[in-house]
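By convention here, the first residue in the shown sequence is residue 1. When reading the values below, keep in mind they use all heavy atoms of this one structure, side chains included, and skip hydrogens, waters and symmetry mates. Treat the numbers as computed from the prediction; the structure is a model and nothing was measured.
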Amino acid sequence: MNIFITSTDTDAGKTYVSRGIVRELLKRGKKTGYFKPLQSGIIPNVLSDADSVKQDTQNQNNLILKNSYITNTPCTPSISAKIDGIEISLDKIKEDYKNLAQECDIVITEGSGGLFVPVNENSLISDVIKKLNLPVIVVARPDLGTINHVLLTLNALRSLDIEILGVVISNYPKNTKDPAIITAPELIEKFGSIKVLDIIKQNDNNFEKIVNKILAH
């Protein structure tokens, strides 16, 4: 099953989770595509999301990386593209995705920021998800406030009739005693009527549980 990785916000851990899923799929012998349609921001001496995925994987013969658009300024894709004089087309993104999907057993598509980040003058990341017709995993921080952010994201996805596979909480602090962090997963499941697929602790590289659920879906 091909999936789309979104999040509650920028830097919630989308790339870390995407990278872990790709690495686990490659370990299982799956020819895997990593698709980052919109890469905004080329920062000297900092790996792009696609490059970080490539560097993190050993079986690179089974890995195909694809970007539709790479722009220079680290900001909203619509603004970054405008600065570079580029027009972002959802049709091109869909065509790139279809071509990649034909070459791979599974494609992991990673969004930019959250659902309502502008892509061009008329479209948001949510429109990209709809265009690709992919089910979604929502990546969230463990911090105070994450319950509200996750529930808002889930409500938005449901209002758009986008399938949700579940929530992954990333960068969970080990041995935490913070009650806001400890109780968040249970409350997200209760009030979001959703499964927390996994809680990824800091520096944890075990993504077997998430991949099992993806492949079983």
Side-chain angles (χ1 to χ4, degrees), residues 1-7 10-78 80-81 84 86-114 117 119-120 123 125 127-139 165 168 170-171 200 204-208 210-211 214-215:
M1 159 169 288
N2 299 330
I3 59 170
F4 194 102
I5 307 291
T6 191
S7 66
T10 300
D11 293 332
K14 288 190 307 299
T15 302
Y16 185 77
V17 171
S18 298
R19 198 164 57 223
I21 292 171
V22 168
R23 184 175 58 245
E24 180 64 26
L25 287 167
L26 290 170
K27 279 172 58 179
R28 300 187 189 200
K30 301 290 186 182
K31 189 167 186 180
T32 305
Y34 169 79
F35 184 35
K36 178 83 173 185
L38 303 160
Q39 177 67 59
S40 301
I42 300 173
I43 305 172
N45 302 317
V46 176
L47 291 174
S48 70
D49 292 341
D51 286 337
S52 73
V53 170
K54 183 177 181 180
Q55 187 181 70
D56 192 55
T57 57
Q58 295 180 349
N59 186 6
Q60 295 182 6
N61 291 332
N62 271 352
L63 174 64
I64 303 177
L65 307 171
K66 181 68 179 177
N67 298 110
S68 291
Y69 297 96
I70 300 175
T71 52
N72 288 286
T73 306
C75 65
T76 299
S78 62
S80 188
D84 286 359
I86 294 171
E87 292 186 13
I88 292 175
S89 164
L90 267 60
D91 288 333
K92 172 176 168 48
I93 291 173
K94 184 173 183 178
E95 187 65 24
D96 287 344
Y97 165 76
K98 286 174 60 179
N99 290 338
L100 184 59
Q102 288 173 359
E103 295 184 67
C104 298
D105 298 322
I106 187 166
V107 175
I108 306 303
T109 301
E110 181 186 340
S112 301
V117 169
V119 170
N120 56 31
S123 305
I125 289 294
D127 295 305
V128 175
I129 300 172
K130 293 286 285 184
K131 189 81 171 178
L132 301 182
N133 192 29
L134 290 172
V136 164
I137 287 176
V138 177
V139 178
L165 292 186
V168 172
S170 180
N171 202 34
I200 306 298
D204 188 356
N205 290 317
N206 187 347
F207 285 79
E208 292 184 16
I210 299 175
V211 170
I214 292 170
L215 296 178

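Within the 3.5 Å criterion, the main-chain N or O of D91 finds a donor-acceptor partner in the side chain of S89. For S7 (side chain) and G113 (main-chain N/O), a donor-acceptor pair under 3.5 Å exists by modelled atom type.
Looking only at side-chain heavy atoms (C-beta outward), I210 and I200 come within less than 4.5 Å of each other. For the pair I125/F4, a side-chain contact is recorded, criterion being any heavy-atom separation below 4.5 Å from C-beta on. The shortest distance between side-chain heavy atoms of D105 and T32 does not fall below 4.5 Å. Under the 4.5 Å side-chain criterion, counting only non-hydrogen atoms from C-beta, S18 is in contact with Y34. Taking the side chain as every heavy atom from C-beta outward, Y16 and F207 approach each other to under 4.5 Å. Between K36 and I70, the closest side-chain pair of non-hydrogen atoms is not below 4.5 Å. Residues L132 and N2 have side chains not in contact (no heavy-atom distance under 4.5 Å, counting atoms from C-beta outward). You'll find the side chain of S123 stays beyond 4.5 Å of the side chain of V128, heavy atoms only.
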I5/T15 under side chain to side chain contact (heavy atoms under 4.5 Å, CB included): CA gap, chis, key distance, verdict = CA-CA 9 Å; I5 307 291; T15 302; over 6 Å; no

Does the pair R28 and E208 meet the rule for a side chain to side chain contact (heavy atoms under 4.5 Å, CB included), with working shown?
-> CA-CA 10 Å; R28 300 187 189 200; E208 292 184 16; 3.9 Å; yes

Working for side chain to side chain contact (heavy atoms under 4.5 Å, CB included), residues V136 and L134 = CA-CA 6 Å; V136 164; L134 290 172; 5.8 Å; no

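A salt bridge between D127 and K131 is absent, with no side-chain N of the basic residue lying under 4.0 Å from a carboxylate O of the acidic one.
A pairwise comparison of heavy atoms in I88 and A81 identifies CD1-CB, 3.6 Å as the closest pair. Smallest separation of non-hydrogen atoms from G13 and S170: CA-OG, 4.0 Å. Between S40 and C75, the closest heavy-atom pair is CB-O, 3.3 Å. Minimum interatomic distance between L26 and K30 (heavy atoms only, all atoms of both residues): CD2-O, 3.6 Å.
The OG1 atom of T71 sits 5.5 Å away from the CG atom of D84 when rounded to the nearest 0.5 Å. Here the straight-line distance linking atom CG of N62 with atom NZ of K27 works out to 14.5 Å at 0.5 Å rounding. Note that CG of L100 and NZ of K66 are 8.5 Å apart. Values are rounded to the nearest 0.5 Å. Interatomic distance, CD1 of I93 versus NZ of K98, reported as 14.5 Å (0.5 Å rounding). Annotation: the span from R23 atom CZ to N206 atom CG amounts to 9.0 Å, rounded to 0.5 Å. Taking CD1 of I21 as the reference point, atom CD1 of I214 lies at 4.0 Å (rounded to 0.5 Å).
Under a cut-off of 6.0 angstrom, the local environment of NZ in K94 is sparse, with at most 12 non-hydrogen atoms contributed by other residues, nucleotides or ligands.
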